[in-house]
Amino acid sequence: MSRLSGAAEAARAIADGRTTSEAVVAACLTRIAEREETVRAWAFLDPELALAQARACDDDAEPAGPLHGVPIGIKDIFDTADMPTGMGSPIYDGHRPAADAAAVAILRQAGAVILGKTATAEFAGTHPGPTTNPHDPARTPGGSSQGSAAGVADFMVPAALGTQTGGSVLRPSSYCGIFGFKPSFGTISRAGVKFAAESLDTVGLLARELEDIALLSDVLWGREPGGIVPLAAPPRIGVCRTPLWHLAEKETAAAIERAADAAREAGAVVDEVRLPAAFAALFDARRAINDYERARAMAHEWRTDRDRLSPAMRNTVAAGLAVPHADYRAARARTRDCRHMLDWLFDDWDALLVPAVNGEAPLGLDHAGDPAFQALWTMLHVPAIALPTHRGPNDMPVGIQLVARRGACDALLSVAAWVWEACGREG
């Protein structure tokens with residue numbers, strides 16, 4: 001496997017007999033051996049187990065499925081029957097689930113090699129793990145799918161699973177310079193995944209190639225891979241700066257302006273979009289929903305191992321337990337109202353172009369960055385994708401984000417491919 005190969009290219013090369021699964025996996029393991037001491041993307045890695053899976057694929061007379069022999073990384077909050085699931089917490093050191101999470105089992109059924117478990121923030125929360133940004137180890141890779149993003153960006157693995165409750169797929173993807181896709185809420189099974197906030201958590205995908213996002217999506221949705229359908233005409237794109245625009249640093253503002261200009265020059269209809277005033281209340285609503293649901297999801301750990309939770313997690317659970325049920329219900333109701341309003345807005349637009357992150361990945365590893373620009377769209381249950389189109393003043397990646405109507409995952413990928421062609425990668 002060449003250093004530039006993605007999951008789809010690896011699958012084609014294995015199927016055509018140009019390489020073997022063992023060779024692809026061995027190349028990943030070589031890269032990990034070279035770089036893991038710096039990047040620290042992996043929570044669990046057993047090279048012999050990975051190679052044994054690859055050899056079994058190579059020994060099969062017929063391909064198991066569209067991912068036959070392709071290595072995939074799995075965020076360490078997904079259960080895996082043959083690997084520990086530590087969830088970024090000492091509470092679960094060495095924990096061995098009895099079964100795979102549904103998404104992991106589906107990937108295996110499609111022929112994938114589960115390369116290992118990628119590092120996560122504690123219980124996919126805010127207390128970060130040890131991972132560094134592969135472009136600059138002094139900077140955060142983002143959270144909480146940090147190992148998945150860093151491992152993919154550093155060519156350790158072609159693609160990986162993550163999850164997003166606030167911004168845990170799109171933010172690390174933007175910071176690390178890869179594609180990150182959060183499909184519509186509920187479109188990929190969460191069975192066997194540790195909940196953070198039950199009404200927000202979404203399984204997401206991280207990859208270096210847009211075609212890999214489409215391939216993994218098709219597999220996890222249970223349909224034959226068909227690739228991304230090209231648009232028949234240039235899209236209608238609304239530029240939505242959101243009520244958080246004051247948080248956008250110069251590099252993010254520049255990325256939005258340049259992407260809008262590139263799309264317009266390529267033939268898209270591009271205009272400004274303002275969200276209704278009611279959307280400003282979503283930021284407080286999100287905090288209430290996230291904390292309330294997190295407190296319930298962590299009930300066992302709070303009762304039995306509270307002293308082994310990080311101070312940040314203890315504060316979040318305590319805050320969630322203090323949220324009155326009536327306030328939680330009111331926050332859910334406000335959010336539902338805004339989802340319906342957004343549905344109407346998408347009658348006029350194929351996608352919205354919005355900020356992905358505040359700016360470049362911040363220096364330091366103690367804070368994984370601000371999730372606000374991603375969390376708004378997570379709450380609204382819409383599909384969202386980060387495209388690695390731009391660079392900031394320190395030559396660090398700065399992505400843009402596209403969002404589409406609820407349920408319009410395929411349409412979003414089609415628009416994303418069009419915008420990616422129009423913008424390309426800067427620098």
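- In this structure, Arg296 is positioned above the aromatic face of Tyr292, its NZ or CZ under 6.0 Å from the six-membered ring centre and within 45° of the axis.
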Got a list of side-chain donor-acceptor pairs under 3.5 Å for residues 59-66, not counting sequence neighbours?
none

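- Side-chain contact, His390 with Arg258: no donor N or O sits under 3.5 Å from an acceptor N or O.
- Environment of CD in Glu421: sparse, with no more than 12 heavy atoms of neighbouring residues, nucleotides or ligands closer than 6.0 Å.
- The local environment of CG in Asp366 is sparse, with at most 12 non-hydrogen atoms from other residues, nucleotides or ligands closer than 6.0 Å.
- Between the Thr132 side chain and the Pro137 main chain, no donor and acceptor come within less than 3.5 Å of each other.
- Nearest heavy atoms, Ala196 versus Ala297: O-CB, 3.8 Å.
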Just distance, no hydrogens or angles: give the donor-acceptor pairs under 3.5 Å from side chains in residues 395-412, sequence neighbours left out.
{"residue": "Gln401", "atom": "NE2", "partner": "Pro355", "partner atom": "O", "Å": "2.8"}
{"residue": "Gln401", "atom": "NE2", "partner": "Phe373", "partner atom": "O", "Å": "3.3"}
{"residue": "Arg405", "atom": "NH1", "partner": "Asp343", "partner atom": "O", "Å": "2.9"}
{"residue": "Arg405", "atom": "NH2", "partner": "Phe346", "partner atom": "O", "Å": "3.0"}
{"residue": "Arg405", "atom": "NH2", "partner": "Asp347", "partner atom": "OD1", "Å": "3.0"}
{"residue": "Arg406", "atom": "NE", "partner": "Asp343", "partner atom": "OD1", "Å": "3.4"}
{"residue": "Arg406", "atom": "NH2", "partner": "Asp343", "partner atom": "OD2", "Å": "2.5"}
{"residue": "Asp410", "atom": "OD1", "partner": "Arg223", "partner atom": "NH2", "Å": "2.5"}
{"residue": "Asp410", "atom": "OD2", "partner": "Arg223", "partner atom": "NH1", "Å": "3.0"}
{"residue": "Asp410", "atom": "OD2", "partner": "Arg223", "partner atom": "NH2", "Å": "3.2"}

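- By the 6.0 Å contact criterion, CZ on Arg18 is enclosed, its count of non-hydrogen atoms from other residues, nucleotides or ligands being greater than 12.
- Taking both residues in full, the closest heavy atoms of Ile14 and Thr20 are given as CG1-C, 4.0 Å, listed atom of the first, atom of the second, then distance.
- Listed by first and then second residue, the side chain to side chain donor-acceptor pair (under 3.5 Å) pairs that reach into residues 165-185 are Ser144-Ser168, Thr165-Asp201, Arg171-Gln374, sequence neighbours excluded.
- Rounding to the nearest 0.5 Å places OG1 of Thr131 at 11.0 Å from CG of Asp154.
- Here the CD atom belonging to Gln146 is positioned 10.0 Å from the CZ atom belonging to Arg40, to the nearest 0.5 angstrom.
- No donor-acceptor distance shorter than 3.5 angstrom exists from the side chain of Asp291 to the backbone of Thr316, with no hydrogens or angles considered.
- Residues Lys75 and Ser148 bring no donor and acceptor atom of their side chains to less than 3.5 Å of each other.
- Few gaps surround CD on Glu257; more than 12 heavy atoms of other groups in view lie less than 6.0 Å from it.
- Between the side chain of Glu198 and the main chain of Glu293, no donor-acceptor pair closer than 3.5 Å is present.
- Ring orientation note: the planes of His95 and Tyr92 are nearly perpendicular, at an angle over 60° on the 30°/60° scale.
- Shown here for Pro158 and Ala7, the closest heavy-atom pair between the two residues is CB-N, 3.5 Å.
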